[in-house]
There are 2 protein chains.
Amino acid sequence: MKSLPEKTIERLSVYRRTLLNCLAEGKEYIYSHEIANLHNITAVQVRRDIMLIGYSTTLKKGYNVRALIELIGDILDSPRGLNVAVVGIGNLGRAITAYFRGKRSRLQIVAAFDTDPEKINRVISGVKCYSMNDLQQIINEKQIPVAILTVPPDYAAKVSEALVYSGIKGILNYTSVPVNVPSDVVLENYDMITSLEKVAYYVKQKLGDNSKVSYEE
Amino acid sequence: MKSLPEKTIERLSVYRRTLLNCLAEGKEYIYSHEIANLHNITAVQVRRDIMLIGYSTTLKKGYNVRALIELIGDILDSPRGLNVAVVGIGNLGRAITAYFRGKRSRLQIVAAFDTDPEKINRVISGVKCYSMNDLQQIINEKQIPVAILTVPPDYAAKVSEALVYSGIKGILNYTSVPVNVPSDVVLENYDMITSLEKVAYYVKQKLGDNSKVSYEE
DNA sequence: TAAACAATGTTATTCTTTTAACAATAAATA
DNA sequence: TATTTATTGTTAAAAGAATAACATTGTTTA
Ligand SMILES: NC(=O)c1ccc[n+]([C@@H]2O[C@H](COP(=O)([O-])OP(=O)(O)OC[C@H]3O[C@@H](n4cnc5c(N)ncnc54)[C@H](O)[C@@H]3O)[C@@H](O)[C@H]2O)c1
Ligand SMILES: NC(=O)c1ccc[n+]([C@@H]2O[C@H](COP(=O)([O-])OP(=O)(O)OC[C@H]3O[C@@H](n4cnc5c(N)ncnc54)[C@H](O)[C@@H]3O)[C@@H](O)[C@H]2O)c1
């Protein structure tokens with residue numbers, strides 16, 4: 001499979017979630033424009049994404065939901081699932097862990113790490129919390145290739161170094177500071193403030209600096 | 001000011017956060033390549049972004065950090081700051097609220113909304129929680145143009161409708177389902193699962209499906 | 001001071017992503 | 001059955017974003 005556009009990868013993940021909901025509602029077939037409407041995008045884009053992953057149907061009754069879900073799974077999922085660690089099990093770490101818990105996903109949070117003695121060796125939001133001292137050992141034992149980074153900003157750089165050293169292959173960084181990793185480690189940064197500032201910017205743009213905000217309906 | 005590329009807006013937000021850190025460390029000037037290195041991007045891109053916002057310096061001693069921060073502020077911030085509401089003050093809502101609390105930002109979370117009687121009329125993570133019944137009234141009174149949506153997925157659609165009806169101009173949607181809003185409302189969706197699946201996908205790609213993961217250093 | 005260097009500002013090019021155009025064809029309808 | 005319609009699949013064009021190329025100009029160094 002030639003490499004897919006990054007944006008397509010993102011959308012496939014989103015499509016799948018929607019498709020699973022459709023299936024839960026008993027919907028077995030879905031049109032490209034239905035998928036599109038659900039996501040505020042165009043039907044052409046949906047069809048193009050689906051073309052790129054090599055699915056096609058001779059029917060004009062829409063796509064087979066099950067088949068599509070399965071195919072997306074072939075692309076996104078690893079055959080035996082993927083183990084994930086949460087590093088820094090504070091407010092955000094716990095929220096994330098609680099969120100993933102009980103999801104029938106291929107992504108399993110199998111360990112948490114922290115430096116707080118109160119947390120170490122306890123089960124938090126359903127996940128065992130280990131000491132940062134045991135990072136490398138546990139990552140090896142449990143075969144964890146991906147980590148979610150939710151430590152305080154001041155520790156982000158050091159901790160990400162430790163993760164890389166311990167053999168982590170991908171980091172999802174939720175701290176508000178950038179981290180550096182070698183080029184063979186996949187890094188995804190996400191920052192809530194940036195998202196919010198972006199929304200604020202476009203709201204400001206739309207309202208126009210002169211016009212007064214109206215809160216009346 | 002002609003409209004800036006969306007990606008530039010995102011980076012400006014990130015730059016600013018880094019620049020504020022620099023200033024806190026007493027650094028008054030910064031080179032484009034220093035900014036670039038901090039964020040794993042190229043110096044050209046930094047310079048281009050800075051060009052687009054109309055800043056320039058005749059000096060070859062880097063950019064004036066204060067001036068840059070101020071200019072980014074002129075672009076991103078609204079003059080009197082921006083009030084934000086968190087809707088659904090559960091695990092994620094509380095984490096976000098706690099996170100924003102005490103930040104000297106132009107973005108202030110000034111209200112939370114929930115349906116849980118246990119939460120209504122209490123102060124949670126430093127923010128007063130109101131009943132969803134008072135949504136429109138409070139949004140008007142407190143002049144809140146932006147909402148962060150963190151209700152359970154099943155309620156996301158209805159609640160976002162209520163938000164739009166109440167006069168909200170921008171929504172940052174953290175629920176795992178897509179929501180629909182009129183075209184004059186700014187919508188930003190973010191999904192943690194998608195981010196994680198993306199990391200997982202690229203990790204899988206890099207490792208190659210055949211090669212065995214090595215956790216040894 | 002002159003030459004080399006290092007940094008910025010900007011235009012041109014390349015690459016990625018989205019959108020448009022349209023051919024093919026199953027399904028619905030007259 | 002013939003015609004119209006709706007839907008998919010694919011190529012072509014446009015738009016958006018990143019990178020490269022390079023001119024300009026302070027600064028440093030010989
Ligand atoms: N809470 C949010 O919604 C939110 C949003 C955006 C970004 N963030 C970022 O996420 C990070 C965590 O936020 P939070 O609100 O959960 O903070 P928190 O203080 O509640 O949690 C941080 C956790 O990390 C642990 N920790 C500290 N040093 C550590 C180390 N060296 N190794 C491992 N664990 C360590 C702490 O013991 C604590 O449990 C911060 O960087 C914050 O900027 C949080
Ligand atoms: N926890 C996470 O890290 C995380 C990550 C990604 C996405 N999400 C999504 O964020 C949302 C919230 O997750 P959570 O873990 O905080 O869930 P949660 O159950 O802890 O919190 C949901 C809150 O919303 C309130 N609520 C329910 N119905 C409401 C309504 N109609 N109006 C207003 N408030 C209402 C509940 O009382 C509760 O306080 C979910 O949609 C979830 O899919 C959460």
Side-chain angles (χ1 to χ4, degrees), chain A residues 1-15 19 22 27-65 67-68 71-72 178 183 187-189 194 198 201-202 205, chain B residues 1-15 19 22 27-65 67-68 71-72 75 183 187-189 194 198 201-202 205:
Chain A
M1 167 86 54
K2 57 267 153 226
S3 82
L4 296 163
E6 179 169 344
K7 288 297 160 69
T8 296
I9 296 297
E10 292 178 8
R11 282 190 297 266
L12 288 176
S13 165
V14 178
Y15 296 163
L19 291 170
C22 290
K27 194 173 170 66
E28 298 267 342
Y29 288 88
I30 190 165
Y31 294 121
S32 60
H33 60 83
E34 289 179 302
I35 299 179
N37 288 339
L38 286 167
H39 302 101
N40 288 316
I41 59 178
T42 66
V44 183
Q45 183 152 74
V46 172
R47 290 206 299 276
R48 203 165 198 295
D49 287 334
I50 288 174
M51 183 196 84
L52 289 172
I53 66 176
Y55 180 90
S56 83
T57 175
T58 68
L59 264 61
K60 306 274 165 180
K61 283 291 182 186
Y63 300 102
N64 182 308
V65 176
L68 208 42
L71 190 50
I72 293 174
S183 64
L187 175 65
E188 174 83 10
N189 294 295
T194 296
K198 204 167 105 179
Y201 170 81
Y202 286 112
Q205 292 280 104
Chain B
M1 168 84 55
K2 55 268 153 224
S3 83
L4 296 163
E6 179 167 347
K7 289 296 160 70
T8 295
I9 296 296
E10 291 178 8
R11 283 190 298 266
L12 289 175
S13 166
V14 177
Y15 295 163
L19 292 170
C22 290
K27 193 172 170 67
E28 298 268 341
Y29 289 88
I30 190 164
Y31 295 120
S32 59
H33 59 83
E34 290 178 303
I35 299 179
N37 288 340
L38 286 167
H39 303 102
N40 289 316
I41 58 177
T42 66
V44 185
Q45 183 152 74
V46 172
R47 291 206 298 277
R48 203 166 198 296
D49 287 335
I50 288 173
M51 183 197 84
L52 289 173
I53 65 175
Y55 180 88
S56 85
T57 175
T58 69
L59 262 59
K60 305 275 163 175
K61 284 289 182 186
Y63 301 101
N64 182 308
V65 175
L68 209 42
L71 191 50
I72 294 174
I75 289 165
S183 64
L187 176 65
E188 175 82 10
N189 293 294
T194 295
K198 202 167 106 180
Y201 170 81
Y202 286 112
Q205 293 281 103

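Residue numbers begin at 1 in each chain, while the letters A, B, ... track the order of the sequences. Owing to the predicted nature of the structure, the values given are computational and were not obtained by experimental measurement. Every heavy atom of this structure was used, including side-chain atoms; hydrogens, water molecules and symmetry mates were not.
- Side-chain atoms of A/R48 lie closest to C/dT19 of the nucleotides C/dT19, C/dT8, C/dA12.
- Considering only heavy atoms from C-beta on, B/R11 stays 4.5 Å or farther from B/H39 through its side chain.
- For the pair B/N37 and B/E34, the minimum side-chain heavy-atom distance is 4.5 Å or more.
- The nearest whole Å value for the distance from the CE atom in A/M51 to the P atom in C/dT18 is 13 Å.
- Counting heavy atoms from C-beta outward, B/E6 and A/Y201 have side chains that stay 4.5 Å or more apart.
- Using a 4.0 Å heavy-atom criterion, one finds that A/T58 contacts the sugar-phosphate atoms exclusively.
- Between A/Q45 and B/L59, the residue whose closest nucleotide on DNA chain C is further toward the 5' end is B/L59.
- In this entry the distance linking CG of B/D49 with P of D/dG16 reads 17 Å, nearest Å.
- Which of C/dT17, C/dT10, D/dG9 sits closest to the side chain of A/R47 comes down to D/dG9.
- The distance from atom NZ of A/K61 to atom P of D/dT7 is 9 Å, rounded to the nearest whole Å.
- Side-chain proximity of B/T57 to D/dG9, C/dT8, C/dT17: nearest is C/dT8.
- Contact between A/Y55 and A/N64 at its shortest, heavy atoms only, is OH-N, 3.2 Å.
- Whole-Å rounding puts the B/L52 CG to D/dA17 P distance at 11 Å.
- Here the side chain of A/K60 is nearest to one of C/dT11, D/dT27, C/dT25, namely C/dT25.
- For A/T42, the listed nucleotide lying nearest its side chain is C/dT19; candidates were D/dA17, C/dT19, C/dA12.
- Between B/S32 and C/dT8, a side-chain N or O to OP1/OP2 separation shorter than 4.0 Å is present.
- B/Y63 has a side-chain polar atom (N or O) that falls below the 4.0 Å cut-off from OP1 or OP2 of C/dG9.
- The distance between atom CD of A/E10 and atom P of C/dT16, rounded to the nearest whole Å, is 15 Å.
- If you take OH of A/Y55 and P of D/dT8, they are 10 Å apart, rounded to a whole angstrom.
- Atom-to-atom, NZ of A/K7 to C1' of C/dC15 comes out at 13 Å; the value is rounded to the nearest Å.
- With C/dG9, D/dT19, D/dT8 as the candidates, the nucleotide lying closest to the side chain of B/V44 is D/dT19.
- With a 4.5 Å cut-off on side-chain heavy atoms, B/L19 and B/Y63 do not count as touching.
- B/I53 places its CD1 atom 14 Å from the C1' atom of C/dT8, with the value rounded to the nearest Å.
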